[in-house]
Amino acid sequence: MKMEKNNNSTGVFGRLKEGLSKTRKGFIRNIDEIIFGEKVISRDSFEELEELMIMADLGPVFTYDLIEKMKEKAGREELESPDILKNILMGKMMAALKESDSPLDIPPDELYTLMVVGVNGTGKTTTIGKMARTFKEEGNSVMLVAADTFRAAAIEQLEIWSERVEVPMIKHQMGSDPSAVAYDAIHAARARKSNVMIIDTAGRLHTKTNLMEELKKIKRIMGRELPGAPHETFLVLDATTGQNAIPQAKMFHEAIGITGIVLTKLDGTAKGGIVVRIAEEMKLPIRYIGIGEGLDDLRRFDSGEFVKALFE
Ligand SMILES: Nc1nc2c(ncn2[C@@H]2O[C@H](COP(=O)(O)OP(=O)(O)O)[C@@H](O)[C@H]2O)c(=O)[nH]1
Ligand SMILES: [Mg+2]
């Protein structure tokens, strides 16, 4: 039994490494190439390293601090090998990400409501499907809520996930008031004694103030029907959009208050450094990361594991 568990965890870690392979190849491996064979790290190499870190979306502040630290070490001749340099980078990434470590803790006996927001196409519906599966496997009674009533296809897409994961879903017709769906869902979840409810929402462009108004209204109605609801508001960000994720996150956070971030599509980018940037700029828990389209491709964010998967 024990062996099996170990094998399994290596497999899961391997999958994470694989999911992050674009960043590993595009970023970490290049560090080795830049300083390969150099006894003394040259000014040119520092410039190349700086460029590499900016390219990986680690952000200017992080990069500047890091390069300064490396130069300091180099000045004291403490930078004899690429490994030392990598250790500095690893340590700094871990420190930057540590505060974002905050796994979701679902109370077993009350109705826990989780609203999922974000721009169109970031991966909200897919993430909800994956989370529903995880929560169900952990012994929760899960209900999905189709409050993205803007497009019929959005409702159908969530329905497919609800069938796949075998959890019930509450829906109204396309075009109906999303708050009314959320209202009904709270009552339905109570009647069925569900303990986790996940609400999918529309993601028309974040520059449209009416989307924010709509999201605020859903929150207000939920809070009126169930004190404390929504207990969590997750913002889904697409890692492949790079820097653009930051203003997006700020806008949602200012308008409706975000309690956790899900960063999807890390498998599709070499700019995985965006995680660090988001952590530093938003100071919000990063709850999950997406590393693929499949059911198993959502992972609880763990800063230590994440950094290790990039470097090992
Ligand atoms: N490669 C990859 N694709 C993802 C991930 N998460 C979501 N997607 C894909 O992104 C697309 C948009 O997802 P969807 O859930 O419909 O986004 P929504 O508009 O925010 O609800 C779909 O094709 C998903 O399969 C991920 O972590 N990795
Ligand atoms: Mg959707």
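In each ligand, atom 1 is the first atom listed, and ligand 1 is the first ligand listed. Note that the coordinates shown come from a computational prediction; the quantities given were computed from them, not determined experimentally.
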**Q** Salt bridge between Glu213 and Lys216, side-chain N to carboxylate O under 4.0 Å?
**A** yes
**Q** Verify the distance test for Asn120 against the Mg ion (ligand 2): any N/O/S atom under 2.8 Å, yes or no.
**A** no
**Q** Where is the nearest protein heavy atom to atom 17 (O) of ligand 1: which residue, which atom, and how far?
**A** Gly123 N, 3.0 Å
**Q** Which protein heavy atom lies closest to atom 8 (N) of ligand 1, and at what distance to 0.1 Å?
**A** Lys265 CE, 3.8 Å
**Q** In the protein, what heavy atom is nearest to atom 26 (C) of ligand 1, and what distance, to one decimal place, separates them?
**A** Gly292 O, 3.2 Å
**Q** With respect to Thr126, determine whether any N or O atom, backbone or side chain, lies less than 3.5 Å from an N or O atom of ligand 1.
**A** yes
**Q** Of all the heavy-atom pairs spanning Phe311 and Arg24, show the shortest one and how long it is.
**A** N-NH1, 4.3 Å
**Q** Pairs of nitrogen or oxygen atoms closer than 3.5 Å, one from Arg151 and one from ligand 1: do any exist?
**A** no
**Q** Run the numbers for me: atoms of ligand 1, each under 4.0 Å from some heavy atom of Thr125, listed by number.
**A** 15 (O), 21 (O)
**Q** Under the side-chain contact (heavy atoms from CB on, under 4.5 Å) test, which residues partner Ala245, sequence neighbours left out?
**A** Leu237, Thr241, Ile278
**Q** For atom 22 (C) of ligand 1, what's the nearest protein heavy atom and its distance?
**A** Glu293 OE2, 4.1 Å
**Q** Quick one: which of Ile199, Val117, Leu215, Thr201 gives a side-chain contact (heavy atoms from CB on, under 4.5 Å) with Thr233?
**A** Val117
**Q** Heavy-atom contacts under 4.0 Å between Ile291 and ligand 1: side chain, backbone, both, or neither?
**A** backbone
**Q** Within a distance under 4.0 Å of any heavy atom of Gln157, pick out the atoms of ligand 1 and give their elements.
**A** 14 (P), 15 (O), 16 (O)
**Q** Quick check on contacts: which atoms of ligand 1 are under 4.0 angstrom from a heavy atom of Gly290?
**A** 27 (O)
**Q** Could you name the option among Asp297, Val117, Thr269, Asp267 that has the heavy atom nearest to atom 28 (N) of ligand 1?
**A** Asp267
**Q** Would you please test Asp177 and Lys217 for salt bridge (Lys or Arg N to Asp or Glu O under 4.0 Å) and show each step?
**A** CA-CA 10 Å; Asp177 181 359; Lys217 187 175 162 200; 3.0 Å; yes
**Q** Under 3.5 Å, is there a donor-acceptor pair between the Thr240 and Asp238 side chains?
**A** yes
**Q** Evaluate the ring planes of Phe306 and Phe301, with Trp represented by its six-membered ring, and classify them as parallel (under 30°), tilted (30 to 60°) or perpendicular (over 60°).
**A** tilted
**Q** Please say whether Gly121 places an N or O atom under 3.5 Å from an N or O atom belonging to ligand 1.
**A** yes
**Q** With respect to Thr264, determine whether any N or O atom, backbone or side chain, lies less than 3.5 Å from an N or O atom of ligand 1.
**A** no
